[in-house]
Amino acid sequence: MTGDEPLVLGIETSCDETGVGIVRGTTLLADAIASSVDAHARFGGVVPEVASRAHLEAMVPTVHRALETAGVRLSDLDAIAVTSGPGLVGALLVGVAAAKSYALALDVPLYGVNHLAAHVAVDVLEHGPIPEPCIAMLVSGGHSSLLLVDDVTRALQPLGQTIDDAAGEAFDKVARLLGLGFPGGPVVDRLARDGDAAAIAFPRAKPKGTYDVSFSGLKTAVARWVEAHEGEVPVADVCASFQEAVVDVLTSKALEACRDTGVEHLLIGGGVAANSRLRALAQERCDAAGVRLRVPRPGLCTDNGAMVAALGSRLVAAGVPASAMDLPADSSMPVTEVVNR
Amino acid sequence: MALVDSGGQAVAECVVVDARRHGELLAQGIAAVLGDAGVDRRDLGAVVVGLGPGPFTGLRVGIVTAATLGDALCIPAYGICSLDGLGAGERVAMTDARRREIYWARYDTDGTRVSGPHVSKPGDVIEQLRGVPVVGFGAQVHAEALVGLDVRPEPKYPSAPALVERAVALLGSVPEPLVPMYLRRPDAEQPGPPKRVTA
Ligand SMILES: [Zn+2]
């Protein structure tokens with residue numbers, strides 16, 4: 001090992017971002033991203049084959065951009081970490097194959113890690129050691145999960161998840177029916193700032209006795225409202241009222257989990273964690289409940305390689321055994337498994 | 001996968017025919033081949049990879065593995081049309097493209113590819129391929145649709161040593177980018193307007 005702390009390269013290809021991050025210990029040195037989001041826009045959602053093709057093209061150039069930014073060479077690396085699941089299997093396979101090949105050629109350990117655990121671990125780069133235990137709420141276009149994190153290097157305990165659409169998916173679908181394009185999250189967030197969140201009372205599904213959430217009914221309610229509306233649709237009000245319903249449901253369940261478990265820390269990650277209203281309401285409710293809130297900066301919330309490198313670095317430091325060379329890509333990797341072996 | 005020495009002799013080879021497990025098995029196979037041959041990975045002089053056509057997922061695993069191996073070891077990675085590694089001399093090399101189609105290429109007497117790679121329905125090419133030996137498992141899969149062609153039982157699959165043999169002429173040159181021969185566009189439909197939820 002060169003230097004005091006391990007130098008870890010992380011590769012993320014579970015969806016439409018080719019991410020390569022480099023971390024030394026808990027210090028972020030580089031976070032290079034190549035996104036294929038524009039190629040998916042006209043399809044209104046991520047097309048797996050299009051994403052996989054883009055990952056292959058971007059892989060080596062993105063690795064080199066990260067190395068350049070970090071000012072290190074491949075031969076300086078102490079370990080390679082890669083998202084081995086969950087995600088789109090064809091997309092995951094590109095990253096996993098690249099990671100194996102680098103690990104083999106450089107003769108360093110390989111860690112196939114859980115994407116959700118990496119979303120939690122990334123905050124070490126911004127706010128220092130992850131408070132453990134903590135409740136983690138991970139919200140994106142592909143996942144909406146509430147987790148209890150005792151030790152991010154060992155296991156995460158699932159508390160609840162969406163029973164239908166992911167939170168980010170709901171943003172995409174509502175944006176589509178308002179003709180706002182793909183992805184929907186950023187544009188809805190922006191338009192909602194000029195709207196009245198109390199203008200329309202959209203339903204909030206907060207079933208008792210479970211931390212599961214549901215956004216399918218909300219999406220349908222928005223569609224019904226828009227169809228029934230006569231005259232010009234007040235897009236800003238619809239965005240604001242819809243967004244308010246989503247972030248109300250999410251933060252309610254997260255705080256409920258904190259209260260029930262007696263855990264005093266809430267960590268939010270995933271692409272939807274970049275939503276300004278979610279951040280504001282979560283802060284408000286955490287302050288009121290005496291819960292400490294941690295949300296990484298937006299660039300670290302969305303899928304990236306830094307989060308994978310950050311988790312890899314924690315695993316090396318914790319002495320967790322590495323993955324084998326026959327590491328699979330597991331599209332439905334359970335969150336109870338942090339490292340795939 | 002195969003390890004070939006400077007004389008063009010295969011010194012170790014590992015073949016697994018399992019289209020669904022490329023991702024899991026390839027790196028392990030490379031490690032095994034190096035181990036069997038007693039060769040240190042740092043002594044490799046070049047990597048050669050089949051660019052397809054073939055199933056997209058497996059193709060990408062092979063290509064990204066070759067690209068990153070070359071990158072990490074600072075050696076060139078050369079891509080060869082996978083059909084070039086199937087048989088020798090005058091022939092048609094054919095692999096199964098699924099969806100009732102074949103991937104194929106035609107070679108003249110000195111083994112030069114003169115047509116392809118293509119993706120076609122067997123019935124559309126049968127006339128132009130009469131009289132030429134046809135090799136590859138694709139021809140056997142689609143035997144019923146290829147009646148009247150000179151289909152040979154062997155060889156069945158592109159071989160790694162054969163790909164290396166084709167690449168020998170390239171050694172020392174600057175490699176071309178490793179671009180997969182997909183031959184098909186991604187399956188993706190552009191959505192229509194959102195469906196109404198109220199009647
Ligand atoms: Zn994610």
Side-chain angles (χ1 to χ4, degrees), chain A residues 11 13 39-40 42-53 55-57 59-60 63-64 74-75 77 80 89-107 110 173-174 176-179 182 219-228 324-329, chain B residues 1 16 20-35 40-42 44 47 49 51-52 55-75 77 175 177-180 182 184-199:
Chain A
I11 298 176
T13 64
H40 305 285
R42 66 196 173 102
F43 300 110
V46 173
V47 181
E49 176 62 22
V50 172
S52 301
R53 290 185 181 196
H55 286 309
L56 175 60
E57 254 177 67
M59 183 53 63
V60 172
V63 165
H64 281 270
L74 280 171
S75 56
L77 298 174
I80 307 281
V89 69
L92 288 168
L93 267 169
V94 176
V96 167
K100 284 182 185 181
S101 187
Y102 278 125
L104 180 74
L106 302 170
D107 197 21
L110 168 74
K173 288 179 175 173
V174 166
R176 190 168 155 232
L177 73 91
L178 293 172
F182 172 86
K219 169 203 69 191
T220 309
V222 174
R224 272 183 211 284
W225 193 92
V226 169
E227 282 170 23
M325 266 295 151
D326 63 353
L327 169 73
Chain B
M1 57 223 85
V16 184
R20 288 154 305 150
R21 296 191 64 212
H22 291 292
E24 287 165 47
L25 301 174
L26 183 57
Q28 211 176 28
I30 292 170
V33 163
L34 288 168
D40 189 294
R41 65 196 192 286
R42 284 163 297 198
L44 293 176
V47 188
V49 64
L51 295 179
F56 301 159
T57 299
L59 199 54
R60 278 188 285 266
V61 167
I63 293 174
V64 82
T65 298
T68 48
L69 205 58
D71 183 37
L73 296 172
C74 299
I75 55 175
L178 301 178
V179 180
Y182 289 120
R184 281 178 179 147
R185 295 185 158 285
D187 285 328
E189 276 177 44
Q190 293 194 35
K195 288 191 199 75
R196 289 186 65 88
V197 295
T198 41

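Chain identifiers are assigned alphabetically (A, B, ...) following the order of the sequence lines, protein sequences preceding nucleic acid strands; residue numbering begins at 1 within each chain.
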Original post:
Which atoms form the tightest heavy-atom contact between A/Leu56 and B/Pro180, and what is the distance?
Top reply: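 Nearest pair, atom of A/Leu56 first, then B/Pro180: CD2-CG, 3.4 Å.
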Original post:
Between B/Val64 and A/Val94, what is the shortest heavy-atom contact and its length?
Top reply: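 Where B/Val64 meets A/Val94 most closely, the heavy atoms are CG1-O, 3.6 Å.
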Select one option (side chain, backbone, both, neither) describing which atoms of [X] are under 4.5 Å from chain A's heavy atoms.
X: B/Arg185; value: backbone
X: B/Arg41; value: side chain
X: B/Pro177; value: neither

Gap between atom [atom2] of [Y] and atom [atom1] of [X] - 0.5 Å precision:
X: B/Thr68; Y: A/Met59; atom1: OG1; atom2: CE; answer: 8.5 Å
X: A/Asp326; Y: B/Leu26; atom1: CG; atom2: CG; answer: 12.5 Å
X: B/Ile30; Y: A/Met325; atom1: CD1; atom2: CE; answer: 9.5 Å

Original post:
Within a strict 4.5 Å, meaning less than it, do heavy atoms of the B/Gln28 and A/Lys100 side chains meet?
Top reply: no
**OP:** Can you tell which part of A/Leu104 gets under 4.5 Å to a heavy atom of chain B, answering side chain, backbone, both or neither?
**Re:**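 Backbone plus side chain of A/Leu104, per the 4.5 Å heavy-atom cut-off to chain B.
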Subject >> Side chain, backbone, both or neither of A/Ala98 within contact of chain B (heavy atoms, under 4.5 Å) >> reply: both
Original post:
Is the backbone of A/Ser101 close enough, under 3.5 Å, to the side chain of B/Thr65 for a donor and an acceptor to pair up by distance?
Top reply: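 Answer holds: no.
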Subject >> Residue among A/Asp107, A/Val50, A/Val47 with most heavy-atom pairs under 4.5 Å to chain B >> reply: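 That would be A/Asp107.
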Original post:
Between A/Arg53, A/Glu57, A/His55, which is the residue that forms a side chain to side chain contact (heavy atoms under 4.5 Å, CB included) with B/Arg60?
Top reply: A/Arg53
